[in-house]
Protein chains: 2
Amino acid sequence: MEHLWYLDDVNVFKILCPHKFKSYKACHNFDVFQPRDYIYFEKDHSCKMFLIEKGKVKIGYYTAEGDEVVKAVLRKGDVFGEKAILGEEERNEFAQALLKDTVVCSMKVSVLHDLMRDNKTFSLKIYKLINFRIRKLERRLQLLLFKDVRTRLMEFLQELCDEYGVCCEKTGTVKISHPYTQKDMASLIGTSRPTINTIMNELRDENLIEFNRNEILVLKKTS
Amino acid sequence: MEHLWYLDDVNVFKILCPHKFKSYKACHNFDVFQPRDYIYFEKDHSCKMFLIEKGKVKIGYYTAEGDEVVKAVLRKGDVFGEKAILGEEERNEFAQALLKDTVVCSMKVSVLHDLMRDNKTFSLKIYKLINFRIRKLERRLQLLLFKDVRTRLMEFLQELCDEYGVCCEKTGTVKISHPYTQKDMASLIGTSRPTINTIMNELRDENLIEFNRNEILVLKKTS
DNA sequence: AGGGTTTTGTAAGCTAGCTGACATTTTAAG
DNA sequence: CTTAAAATGTCAGCTAGCTTACAAAACCCT
């Protein structure tokens, strides 16, 4: 499957960086959250977009049965709540801080719309960001439609490599420090928790990966 | 599950209608296609958005194994290729005319960007259209993650009702004239063709629906 | 009008992956 | 340091839905 990650095209933080972009001051207000604080919740009015300065933020929602489903865990430089720009009325997900002193910068949609009108480059960045999200959704959908659990897990690990991976020159392995539990992974790729566990241990037995609670070491390129 | 269809918010055709919107003339060029003609193909450069004036257009892609997968079949008033606006470089799907003399209006991305900058109402409509597509994707994903095939099929029928349904006042039934084969439905909801067939016939036995090749009659509200 | 093609109907057999249950290990909280 | 809670590991049993295969029907096309 084609490579998905054009992060340079999508790094809104870079272009919003105050050193490079003066108008940024207009939306330069930061909020600090503590673990378990909700930054927004389902049904909240969608009036802002957020940028993470520090810490971690979990995006998710609750099923009718009350189970939490994780959509993503984001870090410094990541943007969330961007659907507000697209005229979304209310949130259909929550955003929750995970780490102590998680700092996010919030930007009002009205301000962003003005910025976008005045700055072609900026608006294109925003467009690309949204296109990126759509591609990610379409990709997940295709995996779910056509691939078995093992393949989906391996694709997911590949994504983790691209997002969180640190390549070790010496050994040629990639170390992933990620924030997901096996339960999270299970719901992200659409399977049950025991199945994830079994396959993870299979991959370990096959010397493809090594892992503990917080880290995965990818020993060989899987694709 | 919540109701998804805010078509009024999303009907770009209305706002692009020449009677209401003078600048529309700028992009008022129509093309006529015949069945099996491709309007665009995977890997084509994404430089236009399209609006269907007449006929039907199939959106789909091919798997690595060469099988065709239908993403949607669209009709008069529907928009496609809108990812071009979001800075997509090349198509990851094809668009193919299905009916004789299918007429589509094409609009260059550059023109659309200009229109969007000059006209706040228009740009919001475009944003809402894109938000709508994202919601649809997210919804499909959630169904695929958590619901069994029967539920997914019933949700799909509900969508067809909203999109293609004509309500008969006398009998209280809804008639759906749709363009999908059972094979198409199968790939849309992520199952096999025989399974769709079996469940469709079960629903018929339960007097919930009536159907033939081209039409589905929904006898009772299923949700 | 007839022969080929596509779509629909149906069934047997199999298996990937779910469910539920429990044990073990790790982390968090007082 | 202790205890509770969360995350991981493992397994037996089951079943939804897939695969394959074939037959019937409906729809071309010339």
Side-chain angles (χ1 to χ4, degrees), chain A residues 34-36 56 58 60 63 65-70 73 96-100 143-154 156 177-206 209-216, chain B residues 34-36 58 60 63 65-70 73 96 98-100 143-154 156-157 177-206 209-217:
Chain A
Q34 298 309 322
R36 295 175 173 272
K56 278 184 184 164
K58 173 159 76 181
T63 64
E65 293 78 40
D67 299 321
E68 181 185 292
V69 180
V70 176
V73 174
Q96 184 184 40
L98 288 185
L99 299 186
K100 248 177 80 82
L143 286 172
L144 227 37
L145 286 173
F146 301 116
K147 305 293 184 182
D148 65 5
V149 174
R150 187 180 222 266
T151 309
R152 299 206 301 268
L153 177 55
M154 286 171 65
F156 176 75
S177 299
H178 66 94
Y180 299 106
T181 67
Q182 292 185 2
K183 182 167 151 291
D184 292 340
M185 292 188 206
S187 70
L188 280 170
I189 71 172
T191 185
S192 68
R193 205 268 310 154
T195 301
I196 286 284
N197 184 263
T198 306
I199 298 176
M200 290 283 281
N201 284 311
E202 277 174 30
L203 292 175
R204 170 150 62 192
D205 292 346
E206 295 164 24
I209 64 173
E210 197 52 60
F211 67 97
N212 60 38
R213 240 159 236 242
N214 314 302
E215 286 177 359
I216 302 175
Chain B
Q34 298 308 323
R36 295 172 172 273
K58 174 160 75 180
T63 64
E65 293 78 40
D67 298 320
E68 180 185 292
V69 180
V70 176
V73 175
Q96 183 184 43
L98 290 184
L99 299 186
K100 245 178 82 80
L143 286 172
L144 229 37
L145 286 173
F146 300 116
K147 305 295 183 179
D148 65 4
V149 174
R150 188 181 221 264
T151 310
R152 300 207 300 269
L153 176 55
M154 285 171 65
F156 176 74
L157 291 177
S177 299
H178 66 93
Y180 299 107
T181 67
Q182 292 185 0
K183 180 165 153 291
D184 292 339
M185 293 189 205
S187 71
L188 280 170
I189 72 174
T191 185
S192 68
R193 205 267 310 154
T195 301
I196 286 284
N197 184 263
T198 306
I199 299 177
M200 290 283 281
N201 284 310
E202 276 173 31
L203 293 175
R204 170 149 60 191
D205 292 346
E206 295 163 26
I209 64 172
E210 195 54 58
F211 67 95
N212 60 39
R213 242 158 232 242
N214 315 302
E215 286 178 357
I216 302 176
L217 240 65

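No hydrogens, no waters, no symmetry mates; every other heavy atom, side chains included, goes into these values. Just so you know, these numbers come straight off a predicted model, no measurement behind them. Below, chain A is the first sequence line, B the second, and so on; all start at residue 1.
- Here the nucleotide nearest the side chain of A:Pro194, chosen from D:dT20, C:dC18, D:dT10, is D:dT10.
- One donor-acceptor pair, N or O on each side, does fall under 3.5 Å between the base of C:dG9 and the side chain of B:Arg193.
- We find that CD of B:Glu68 is positioned 12 Å from P of C:dT6, with the value rounded to whole Å.
- Residue A:Asn197 has a polar side-chain atom (N or O) positioned under 4.0 Å from OP1 or OP2 of D:dG9.
- Distance NE2/A:His178 to CD/A:Glu215: 8.0 Å, rounded to 0.5 Å.
- Distances from the side chain of B:Arg213 to the nucleotides D:dC27, C:dC18, D:dG9 place D:dC27 closest.
- Within the nucleic acid shown, A:Thr181 comes within 4.0 Å of sugar-phosphate atoms alone, with no base atom in reach, counting heavy atoms only.
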Mind running side-chain hydrogen bond (donor to acceptor under 3.5 Å, both in side chains) on B:Asn197 and B:Asn201 for me, showing each step along the way? CA-CA 6 Å; B:Asn197 184 263; B:Asn201 284 310; 3.2 Å; yes
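- Put simply, the side chain of A:Ile189 reaches to within 4.5 Å of the side chain of A:Ile196, judged on heavy atoms.
- Residue contacts shown for A:Asp148 are limited to sugar-phosphate atoms, with no base heavy atom under 4.0 Å away.
- Take the nearest nucleotide of DNA chain C for A:Val149 and for B:Arg204: the residue whose nucleotide is more 5' is B:Arg204.
- Side chain of B:Thr195, nearest nucleotide from D:dC11, D:dG17, C:dG9: D:dG17.
- A:Leu144 contributes atom CG, which lies 5.0 Å from atom CZ of A:Arg152 (distance to the nearest 0.5 angstrom).
- In this entry the distance linking CD1 of B:Ile209 with P of C:dT8 reads 13 Å, nearest Å.
- A sub-4.0 Å separation between OP1 or OP2 of D:dT10 and a side-chain N or O of A:Asn201 is present.
- Residue contacts for B:Arg152: at a heavy-atom cut-off of 4.0 Å it reaches no nucleic acid atom on any strand shown.
- Counting to the nearest Å, the P atom of D:dA6 and the CG atom of A:Asp67 are 14 Å from each other.
- A:Gln182 has a side-chain polar atom (N or O) that falls below the 4.0 Å cut-off from OP1 or OP2 of D:dG9.
- A:Asn212 has its CG atom 16 Å from the C1' atom of D:dA6, to the nearest Å.
- Each of B:Lys183, B:Lys58, B:Gln96 was scored for a side chain to side chain donor-acceptor pair (under 3.5 Å) with B:Glu68, with one residue passing: B:Lys58.
- Residue B:Thr198 has no polar side-chain atom (N or O) positioned under 4.0 Å from OP1 or OP2 of C:dG9.
- Between the CZ atom of A:Phe211 and the P atom of C:dT25 there is a distance of 15 Å, given to the nearest Å.
- Residue-level contact check: A:Arg150 touches neither bases nor backbone, having no heavy atom under 4.0 Å from any strand.
- In this entry the distance linking NZ of A:Lys183 with C1' of C:dT26 reads 17 Å, nearest Å.
- If you take CD1 on B:Ile216 and CD1 on B:Ile209, they are separated by 6.0 Å, rounding to the nearest 0.5 Å.
- Rounded to a whole Å, the CD atom of A:Glu202 is 16 Å from the C1' atom of D:dT8.
- Distance B:Ile196 CD1 to C:dT10 P: 15 Å, rounded to the nearest Å.
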